[in-house]
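Indexing begins at 1, ligand by ligand and atom by atom, following the structure's order. None of the values given here were measured: they were computed from a predicted structure.
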Amino acid sequence: MDQRIAMFDSKSYDIEAFTKANEHFGYHITYFEPKLTIETAPLTQGFPVVCLFVHDIVKHKLANILAKTGVKLIALRSNGYNHIDLRASAGKLKVVRVPKYSPYSVAEYTIGLILSLYRKLHTVYLQTKGNNFSLRGLQGQELHGKTAGVIGSGQIGSIVVRLLTAFGMKVLVYDVKEDKSLVNDTHCHYTDLNTLLAESDIITLHCPLLPENHHLINKQTMAKMKEGVVIINTSRGGLVHTGDLIAALKSKKVGGAGLDVYEEEEQFFYEDLSHSFIDDDLLARLMTFPNVFISSHQAFFTKEAVHDIAQTTLLNIRSFFEGKALENEVVYRIKEQKS
Ligand code: NAI
């Protein structure tokens with residue numbers, strides 16, 4: 001098989017990391033700057049492998065086009081795969097992902113968001129740039145003695161639990177499965193979702209986006225939370241109902257939000273729009289709150305994690321080219337994904 005790879009949404013850091021990792025593999029990688037869409041899909045002609053990131057969204061129609069242009073494998077440079085319609089791809093395209101890369105990247109960034117919101121670091125940074133050294137409005141809160149609620153205690157969430165306990169926080173955890181070693185090591189408490197919502201001062205999301213937890217954070221669930229709760233989402237935008245979050249910020253029910261992801265992020269994140277305007281009233285409104293910290297899906301973005309991503313992606317592709325079992329294949333399961 002022609003060992004050609006078409007990489008979409010390629011940024012300079014992707015090209016740098018993949019060029020280096022590819023020294024050991026020697027594949028022919030063509031780097032395309034645009035995202036993979038129905039319009040750019042003809043570029044895939046002659047490439048058995050496409051390498052995609054989180055904003056290359058493959059729904060039914062695009063999956064069919066890819067099958068026709070001769071694509072056989074979608075190699076995701078991401079852990080999450082909610083942007084790929086696995087049902088539409090099943091039987092036509094194989095999908096592999098990077099199930100593990102330095103989880104410290106996202107976990108440590110999460111702590112950064114929490115500290116910034118609790119101590120107003122993002123505010124003071126801008127204030128002192130304008131020669132304003134006043135402390136007015138900058139009083140923060142201490143993490144020590146507060147309760148954190150961690151939803152999802154997998155690779156990333158479990159590290160977040162460990163880091164938060166080091167601050168002297170009580171940590172409540174909700175997950176569909178319990179990690180006993182995490183309890184032994186940290187004395188965190190697994191609990192039901194309602195208890196976590198009701199008792200946490202800070203709630204941080206580390207579960208995948210699935211049909212059953214779409215808009216997990218909404219009007220009803222926020223009503224169960226403490227006044228002034230801080231919500232952190234470094235997982236997936238669709239876990240939070242943005243309109244409901246804005247209403248809760250306006251009423252001060254929610255005291256702060258750290259958002260590295262946004263449900264409509266693919267139109268904006270990773271693009272320089274400084275000479276344009278935000279054509280999304282929810283995102284524009286969110287950015288007006290001083291107690292909302294928005295970043296553009298960068299929690300993963302460390303030297304270590306990008307190296308891991310390039311390495312695992314090329315290993316996945318090598319298994320495919322060599323006809324070996326695909327260890328990191330994602331397959332459609334009826335309960336897991338609706339089309
Ligand atoms: P993981 O698969 O190791 O852990 C996910 C955990 O969530 C598992 O323990 C699982 O049992 C639990 N879970 C599944 N369904 C749940 C539900 N309905 N309610 C509560 N818990 C549930 O995944 P990992 O590596 O920890 O990543 C977590 C999420 O972080 C990913 O799904 C992805 O969306 C996001 N992510 C974000 C990045 C960023 O740059 N902002 C980068 C990498 C991942």
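- Taking the centre of each ring, F269 and H297 stay at or above the 6.0 Å mark.
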Quick one: table the atom pairs, ligand 1 N or O against protein N or O, below 3.5 Å, distance rounded to 0.1 Å.
{"from": "ligand 1", "atom 1": "3 (O)", "to": "Q155", "atom 2": "N", "distance (Å)": "2.9"}
{"from": "ligand 1", "atom 1": "3 (O)", "to": "Q155", "atom 2": "NE2", "distance (Å)": "3.3"}
{"from": "ligand 1", "atom 1": "9 (O)", "to": "G154", "atom 2": "N", "distance (Å)": "3.4"}
{"from": "ligand 1", "atom 1": "9 (O)", "to": "D175", "atom 2": "OD2", "distance (Å)": "2.7"}
{"from": "ligand 1", "atom 1": "11 (O)", "to": "D175", "atom 2": "OD1", "distance (Å)": "2.7"}
{"from": "ligand 1", "atom 1": "25 (O)", "to": "N79", "atom 2": "ND2", "distance (Å)": "3.0"}
{"from": "ligand 1", "atom 1": "25 (O)", "to": "Q155", "atom 2": "NE2", "distance (Å)": "3.1"}
{"from": "ligand 1", "atom 1": "26 (O)", "to": "Q155", "atom 2": "N", "distance (Å)": "3.3"}
{"from": "ligand 1", "atom 1": "26 (O)", "to": "I156", "atom 2": "N", "distance (Å)": "2.9"}
{"from": "ligand 1", "atom 1": "30 (O)", "to": "S235", "atom 2": "OG", "distance (Å)": "3.4"}
{"from": "ligand 1", "atom 1": "34 (O)", "to": "S235", "atom 2": "O", "distance (Å)": "3.3"}
{"from": "ligand 1", "atom 1": "34 (O)", "to": "S235", "atom 2": "OG", "distance (Å)": "3.4"}
{"from": "ligand 1", "atom 1": "34 (O)", "to": "R236", "atom 2": "NH1", "distance (Å)": "3.4"}
{"from": "ligand 1", "atom 1": "40 (O)", "to": "F300", "atom 2": "N", "distance (Å)": "3.1"}
{"from": "ligand 1", "atom 1": "41 (N)", "to": "T234", "atom 2": "O", "distance (Å)": "2.9"}
{"from": "ligand 1", "atom 1": "41 (N)", "to": "D260", "atom 2": "OD2", "distance (Å)": "3.0"}

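- When ring centroids are compared, F18 and Y31 stay outside the 6.0 Å threshold.
- Residues meeting the salt bridge (charged side-chain N to carboxylate O under 4.0 Å, His left out) test with K324, sequence neighbours left out: E322.
- Taking the six-membered ring for Trp and the full ring otherwise, F53 and F300 have centroids separated by under 6.0 Å.
- A search for salt bridge (charged side-chain N to carboxylate O under 4.0 Å, His left out) contacts involving K11 returns D9, E271, not counting sequence neighbours.
- The side-chain hydrogen bond (donor to acceptor under 3.5 Å, both in side chains) search around S274 returns D272, not counting sequence neighbours.
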